[in-house]
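The next block holds one structure in the form of structure tokens; read it before the comments.
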Amino acid sequence: MNSNWNIFKHKLRVGRFFLLGITILISLLIFVSPSPTQPSERIKITVMMQALEATQWEPLEARFEKENPDIDLVIVKAPNATNLVEDLYTSAFILGDSPYDLAYLDMVWLPKFAAAGWLRDLNEFISPEELEAFLPGDVAGGIFKGGLYRMPFRSDGGMLYYRTDMLEENGYEPPNTFEELVTIAEDLQAKGVAKWGFVWQGKQYEGLPAMFIEVLEGFGAYWINADSLEVGLDSGDAIAAVEFLRNTVQKGISPPGVTTYAEEESRRLFEAGETVFLRNWPYVAVLAADSGIAGKYGLKPMVHREGYSSSACQGGWGLGITSSSPHPEEAWRVIEFVSSEDNQRQFTIETGYIPSLRSLYNDPTIVATYPHYPQLLEVVENATLRPPIVQYAQASDILQRYLSAALTDTMTSEQAMKAAASETRSLLAVP
Ligand code: GLC
């Protein structure tokens, strides 16, 4: 019994030594050997954006990572339609498992995202004086209840493209009014100069209200007054604005398919030489330079009704830091980097998107590449915001549905706008 006990104690001691040895060995392996997980010690900053733009960001991303070797900037690709990207961010934030440190935001999402508490106030990182270098409309699009939730990166403004060759050869000046646009379009179509007169974004998605507010403004009408929450969609002028678009479809000035076109479909038709006029954003001016119509087009602010003035829809994208990000300092380093003059200049030259820094519109290097840039400043400085209200997504959805019904002849313009106005009023009446 005694000897058995001694053997047992001996085994126990040997066992303890053995366990101790293994523990020391494991600790040494962990602390001394080079860790195979070392690369992931770089802090990962994740952002999601439209696939087209994610590709265009690649050189910018490479420059950022070269200068910031401790950060791994991960860009997740999303569909190109702005509302689909908004839905993806929204579900990630609502489910509470968002992998995003940064949100790349269309300005129309801002009030909803800020009100929901999904974004961090950036006032802790930047002063009002520093913000003065940016376009005021783009900065305004990032402010909600005094907080700054989005740093503008690239601006946007809708405009009218026209074929300089077709107009000149037929003795026309670029149009200023809706009436002139229609006259020129019909004449050039009748002469067989172009198949279509005017192409725009008529699909039921966010691009439709963006285009429509330019026509509304040109008719002296409005959508929603963001301060008083009054709705102007059922005014006579607003109905006339819808009638103008509907007529372009019914008279064959616009192709029947225009009610299914987003930006890219309409751009392709213009570049294929099939239309005299196109409504689109500034990025087309650069892409079309590589097409069959190179050197044969110009751009100008959107037309308006006689006696009224035109306005571009204010668009644009910027970066916000998500409230859930564990790395706000590193996320800000990304924002700071892409906002700098050098990086905005290079991104502009690489892509043709228009910068949020005001000085760059007259920058010698940019103007040498894109002589039309000083003219774009005029367009973006006269831009109109879509109503910056928390319920924007629902208001836009209502307008999209009824506009689409009018354009596809399911309802008259008057029926559609009366129904849109009343639904919008009910939406805004709910606290
Ligand atoms: C452009 C604009 C954006 C707008 C969208 C509509 O991306 O920058 O503000 O919402 O077009 O399609």
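This is a predicted model, so every value here is computed, not measured. Whatever order the structure lists ligands and atoms in, that order sets their numbers, starting from 1. Numbering of residues begins at 1 and proceeds along the displayed sequence.
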query: If you measure from the Lys or Arg side-chain nitrogens to the Asp or Glu carboxylate oxygens, is any gap between K203 and E265 under 4.0 Å?
result: no
- prompt: How about K418: does its NZ atom have over 12 heavy atoms from other parts shown lying under 6.0 Å from it?
  reply: no
message: Can you give me the closest heavy-atom contact between Y205 and A262, atom names plus distance?
response: OH-CA, 3.3 Å
Identify all N/O pairs between ligand 1 and the protein with a separation under 3.5 Å and present them as a table of atom names and distances.
| from | atom 1 | to | atom 2 | distance (Å) |
| --- | --- | --- | --- | --- |
| ligand 1 | 7 (O) | W317 | NE1 | 3.1 |
| ligand 1 | 8 (O) | D156 | OD2 | 2.6 |
| ligand 1 | 8 (O) | G316 | N | 3.1 |
| ligand 1 | 8 (O) | W317 | NE1 | 3.1 |
| ligand 1 | 9 (O) | D106 | OD1 | 2.7 |
| ligand 1 | 9 (O) | D106 | OD2 | 3.4 |
| ligand 1 | 9 (O) | G316 | N | 3.3 |
| ligand 1 | 9 (O) | R386 | NH2 | 2.8 |
| ligand 1 | 10 (O) | D106 | OD2 | 2.6 |
| ligand 1 | 10 (O) | R386 | NH1 | 2.8 |
| ligand 1 | 10 (O) | R386 | NH2 | 3.4 |
| ligand 1 | 11 (O) | E263 | OE2 | 3.4 |
| ligand 1 | 11 (O) | W281 | NE1 | 3.4 |
| ligand 1 | 12 (O) | E263 | OE2 | 2.7 |

query: Quick one: is the NZ or CZ of R120 closer than 6.0 Å to the six-membered ring centre of W118, and within 45° of its axis?
result: no
message: Quick check on E306: does its CD atom have over 12 non-hydrogen neighbours (other residues, nucleotides or ligands) under 6.0 Å away?
response: no
query: Under a 4.0 Å N-O cut-off, is there an ion pair linking R63 with D342?
result: no
